[in-house]
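Step one of this worksheet: look at the structure below.
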Amino acid sequence: MSKFESSIQRTHAMLRGTCHCGAVTVELPSAPEKATDCNCSICRRSGALWAYYEFGTVRITGHPENTQQYIQGDRTLSTVRCATCGCVTHWEPLPPELGKRHGVNLRNFDPKVLESVRIRRFDGADTWKFME
Ligand SMILES: [Zn+2]
């Protein structure tokens, strides 16, 4: 295998995340450049780091058969977690229309993915603005 091929394979493997038990897998269409660390009442509890993609472009397996969903507040999204290990894997837009914003929790990926990601703190609890 050439150096080029092995680096492609490594990149590909890093774009695939799983919950802790492996029942849910999430495959990104491209490497994330930014992630959002939000302090709203639900994000601060899950500790998620969100990268955003268009709904329909992220390949997810084990969902909905191995997941549970939580819909709250103004019901604009559904937060999804593994029914076995409880890890929050993503959120889906409601209604679930293709192309809408879709959040993926980068905490379920190889920690190396985060090394090249710019993490932005978002004040979802109060001002609904980035804190920078
Ligand atoms: Zn799991």
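Quick caveat: nothing in here was measured; it's all calculated off a predicted structure. Order of listing sets the numbers, starting from 1, for every ligand and every atom in it. Values reported hereafter were calculated over all heavy atoms of this structure, with side chains retained and with hydrogens, waters and symmetry mates removed.
For the pair Asp123 (side chain) and Phe130 (backbone), a donor-acceptor distance under 3.5 Å is absent.
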task = Determine, step by step, whether Ile60 and His102 satisfy the side-chain contact (heavy atoms from CB on, under 4.5 Å) criterion, reporting the C-alpha distance in whole Å, the side-chain angles of both residues, the deciding distance to 0.1 Å, and the verdict.
result = CA-CA 12 Å; Ile60 300 174; His102 171 50; 3.9 Å; yes
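Taking the six-membered ring where the residue is Trp, Tyr52 and Trp91 present tilted rings, their angle falling between 30° and 60°.
When distances to the Zn ion (ligand 1) are checked against a cut-off of 2.8 Å, Cys87 contributes no N, O or S atom below that limit. Among the atoms of Cys19, an N, O or S atom falls under 2.8 Å from the Zn ion (ligand 1).
Side-chain heavy atoms closer than 4.5 Å link hydrophobic residues (I, L, V, M, F, W, Y) into clusters, and following such links, even through other members, never connects Val80 to Val58.
With the Zn ion (ligand 1) as the vertex, atom SG of Cys82 and atom SG of Cys85 span an angle of 110° (nearest 10 degrees).
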